[in-house]
Amino acid sequence: QVSSIGVLLDFGSRHESDSYAVPSTGEVVSTAGVNHLMELLAFQSTKERSGEEIRNIMEELGGASFATSSREQMMYCVDVLRPNVKKAFDLLGETIKCPMIDDAEVEQMKQVIQFQMEDMMPQLSLGEGLQLAGYGPLEGGKVVQQLGRPHFCTKESLPNLTARSVHAFRERHLLHKPEGIVVSGSGISHDALVELADANFGHIAPSDANGDDASRTIPSIYTGGEYRLQTPPNPNPAKEEFTHVAIAFEVGGWHSDDIVPTCVLQTLLGGGSSFSAGGPGKGMYSRLYREVLNRFRWAESAEAFSSFHSESGLWGISGSCPAAKGGELTRALVDHFQKLESEFVTDEELDRARNMLKCNVLTQLESRLVLFEDIGRQILTYGKREDAATMCAKIDAVTKEDIREVVRRAVKKPPTLSTVGIDITKVPKVEEVVQWLGHGPAKKSWF
């Protein structure tokens, strides 16, 4: 028997800053890229143990550990044999409360980040581009919005990252904010989890010395725009290169009534790769499979996506194809937005999408790790957790009128276009996409 236990923290890459004055010393540091670095520094040396000791103990306990960050939250988790939960959680608490984080460790992990930059998948760059352009700078480029900051450390930020950057970020967003700490677990009794949480984090006292929460999280305003990244050729000449394109619009965030209809819409559009990795026929009845991948032989992938944040979200369609077909792919994606805006989805499509989304939710929650994460993220975001039955009822309540209303509100706003590849010349500019959609002038273009 195994337990999954961990801690979710109320901070992410949106809270980073290119220039932050440490209140206790007045020292100015850059915290850009800190969350990416903190992922790699998790479960390394602490003030009590070396990184090697921690890894050896986890191995003896029969456990695995990992950390992951997003734009708004960070998560530390251990998956361990149930009799060893207390020892594993004590190590988890140690790595969060009192990590060593010295210059030697930071420089070692910066080398790892450098390798990751050189091998970043184009899909990740595409998603980063949507955020940078969709929440572009305000006041003539002077104000960088929080949701428009890069999530992954950039080559410009990497040289400025130091051990002091990490300690300053932790001091501002973690060490004196117990209200931003959620302890979650699956495969463990509630009373036992409360006891572990109290023993490890119950002593943390709140403090306003580092500023209030209103100054910490500043709402971002959707702007729309364009991001274009031309990448160098792959050193392996046998590897086929594709041009990647994504078009997105703003939808509501985590606290919006649109979130469930948007998820149903994403499932209805579906899509994926031209190669069905899950076995023959997997997902083949979704709209993007039927009307893009099965229609255009040159389409390598076409897939709906969504990303949500506190105050806003993005919903759209991405695809990839040979460079020469970049314009045709972009036009095909725009056609689908126009079709969704002008026509109701069919009853058959809607029933299939609702059933598939419910199936996905229930299947995912059978996983111990997913259940642990779902509990923690819901508590951190909403202060409560909805059970699966409530979620399924909300999915069943979505109508085709709800779907079209979400689409119509979204496409009234400026589009965001992101494209990545070794040759992106055939992909039209966002101004042309705006004309196809019948909108007014587009916003700032990012290069």
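Using a 4.0 Å cut-off between charged side-chain N and carboxylate O, Glu250 and Arg409 make no salt bridge. The pair Glu341-Arg404 does not count as a salt bridge, with every side-chain nitrogen at least 4.0 angstrom from each carboxylate oxygen. Between Glu373 and Arg377 there is a salt bridge, since at least one side-chain N of the basic residue sits less than 4.0 Å from a carboxylate O of the acidic one. Salt bridge annotation for Glu311-Arg71: absent, with no cationic side-chain nitrogen under 4.0 angstrom from a carboxylate oxygen. Remark: Glu432 does not engage Arg331 in a salt bridge, criterion side-chain N to carboxylate O under 4.0 Å. Comment: Asp347 engages Lys400 in a salt bridge, judged by a side-chain N to carboxylate O separation of less than 4.0 angstrom. A salt bridge does not link Asp423 with Lys426: none of the charged nitrogens is closer than 4.0 Å to a carboxylate oxygen. Residues Glu226 and Lys429 are not paired through a salt bridge, judged by the lack of any N-O separation under 4.0 Å between the basic side chain and the carboxylate.
Residue Pro99 comes nearest to His167 through the heavy atom pair O-CE1, 4.2 Å, listed as atom of the first residue, atom of the second, then distance. Ala304 and Leu269 make their closest contact through CB-CB, 3.6 Å (heavy atoms, listed as atom of the first residue, atom of the second, distance). Across all non-hydrogen atoms, the minimal contact from Gly376 to Leu8 is CA-CD1, 3.5 Å. The two residues Ala388 and Leu365 have their closest heavy-atom pair at CB-CD1, 4.1 Å. Across all non-hydrogen atoms, the minimal contact from Phe372 to Gly6 is CE1-N, 3.3 Å. Pairing each heavy atom of Ser320 with each of Leu329, the nearest pair is N-CD2, 3.6 Å.
Thr262 places a side-chain N or O within donor-acceptor distance of the main-chain N or O of Asp258, the cut-off being under 3.5 Å. Side chain of Thr95 to backbone of Leu91: no donor-acceptor contact under 3.5 angstrom is found. Panel note: side chain Thr419, backbone Ile424; no donor-acceptor pair is recorded below 3.5 Å. Here the side chain of Thr223 pairs a donor or acceptor atom with the backbone of Ala133 at under 3.5 angstrom. Looking at Tyr222, its side chain does come within 3.5 Å of a backbone N or O of Pro414 through a donor-acceptor pair. For Glu16 (side chain) and Val34 (main-chain N/O), a donor-acceptor pair under 3.5 Å exists by modelled atom type. Between the side chain of Asn35 and the backbone N or O of Gly12, at least one donor-acceptor pair lies under 3.5 Å.
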| field | Full working for side chain to side chain donor-acceptor pair (under 3.5 Å) between Tyr135 and Ser312 | value | CA-CA 10 Å; Tyr135 302 94; Ser312 178; 2.6 Å; yes
| task | Report the C-alpha separation of Trp315 and Phe308 in whole Å, then their side-chain angles, then the decisive distance to 0.1 Å, and conclude whether the ring-ring contact (aromatic ring centres under 6.0 Å, His included) test is met. | result | CA-CA 9 Å; Trp315 158 75; Phe308 300 105; over 10 Å; no
| request: Please assess His336 against Ile317 for the test side-chain contact (heavy atoms from CB on, under 4.5 Å), listing each intermediate value before the final yes or no. | output: CA-CA 9 Å; His336 276 279; Ile317 307 173; 4.0 Å; yes
| field | Full working for salt bridge (Lys or Arg N to Asp or Glu O under 4.0 Å) between Arg216 and Asp10 | value | CA-CA 11 Å; Arg216 194 175 74 96; Asp10 188 24; 3.3 Å; yes
| query | Yes or no on salt bridge (Lys or Arg N to Asp or Glu O under 4.0 Å) for Glu349 and Arg352, after CA distance, side-chain angles and deciding distance? | reply | CA-CA 5 Å; Glu349 284 182 306; Arg352 183 182 293 119; over 6 Å; no
| request: Start with the C-alpha gap between Val80 and Val2, add the side-chain angles, then the distance that decides, and say whether side-chain contact (heavy atoms from CB on, under 4.5 Å) holds. | output: CA-CA 6 Å; Val80 67; Val2 180; 5.7 Å; no
| request: Output, in order, the C-alpha distance, side-chain angles, deciding distance and verdict of side chain to side chain donor-acceptor pair (under 3.5 Å) for Gln146 and Ser220. | output: CA-CA 6 Å; Gln146 288 190 345; Ser220 295; 5.5 Å; no
| task | Run the numbers on Val7 and Val182 for side-chain contact (heavy atoms from CB on, under 4.5 Å), then give the verdict. | result | CA-CA 6 Å; Val7 175; Val182 170; over 6 Å; no
| task | Walk me through it: do Ile259 and Trp254 pass the test side-chain contact (heavy atoms from CB on, under 4.5 Å)? | result | CA-CA 7 Å; Ile259 189 167; Trp254 285 120; 3.2 Å; yes
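Phe169 has its ring centre less than 6.0 Å from the ring centre of Phe11. Taking the six-membered ring wherever Trp is involved, the centroid distance between the rings of Phe249 and Phe337 falls below 6.0 Å.
No more than 12 heavy atoms of other residues, nucleotides or ligands lie within 6.0 Å of CZ in Arg295, so this atom counts as exposed by the packing criterion. The neighbour count for Glu348 CD, taken as heavy atoms of other residues, nucleotides or ligands under 6.0 Å away, does not exceed 12. Heavy-atom neighbours of Lys155 NZ from other residues, nucleotides or ligands within 6.0 Å: at or below the threshold of 12. Enclosure of atom CG in Asp387 by more than 12 non-hydrogen atoms of other residues, nucleotides or ligands within 6.0 angstrom is indicated.
Annotation: side chain of Val144 is in contact with side chain of Arg149 (closest heavy-atom distance under 4.5 Å). Residues Glu118 and Gln114 meet the side-chain proximity criterion, which asks for heavy atoms closer than 4.5 Å. Put simply, the side chain of Ile181 reaches to within 4.5 Å of the side chain of Leu9, judged on heavy atoms. Proximity of Lys97 to Phe201: side-chain heavy atoms (C-beta onward) are separated by under 4.5 Å at one or more points. At a threshold of 4.5 Å between non-hydrogen side-chain atoms, the residues Glu128 and Pro150 count as touching. The closest side-chain heavy-atom distance from Arg228 to Ser418 is not below 4.5 Å. Annotation: side chain of Ile395 is in contact with side chain of Val260 (closest heavy-atom distance under 4.5 Å). Contact annotation: the side chain of Gln116 approaches that of Leu40 to within less than 4.5 Å [non-hydrogen atoms, C-beta and beyond].
Between Glu39 and Ser69, the side chains place a donor N or O and an acceptor N or O closer than 3.5 Å (distance only, hydrogens not considered). Residues Asp18 and Ser30 bring no donor and acceptor atom of their side chains to less than 3.5 Å of each other. A donor-acceptor pair shorter than 3.5 Å cannot be found between the side chains of Tyr20 and Ser165. Between the side chains of Ser301 and Ser273, no donor-acceptor pair of N or O atoms lies under 3.5 Å. A donor and an acceptor atom, one from each side chain of Asp374 and Gln378, are located under 3.5 Å apart. Using modelled atom types, one finds a donor on one side chain and an acceptor on the other under 3.5 Å when comparing Ser306 with Gln266. There is no side-chain donor-acceptor pair under 3.5 Å between Asn360 and Thr363. Residues Arg368 and Ser186 have side chains that never bring a donor and an acceptor to within less than 3.5 angstrom of each other.
Relative orientation of the His15 and His173 rings is tilted, given thresholds of 30° and 60° on the angle between their planes.
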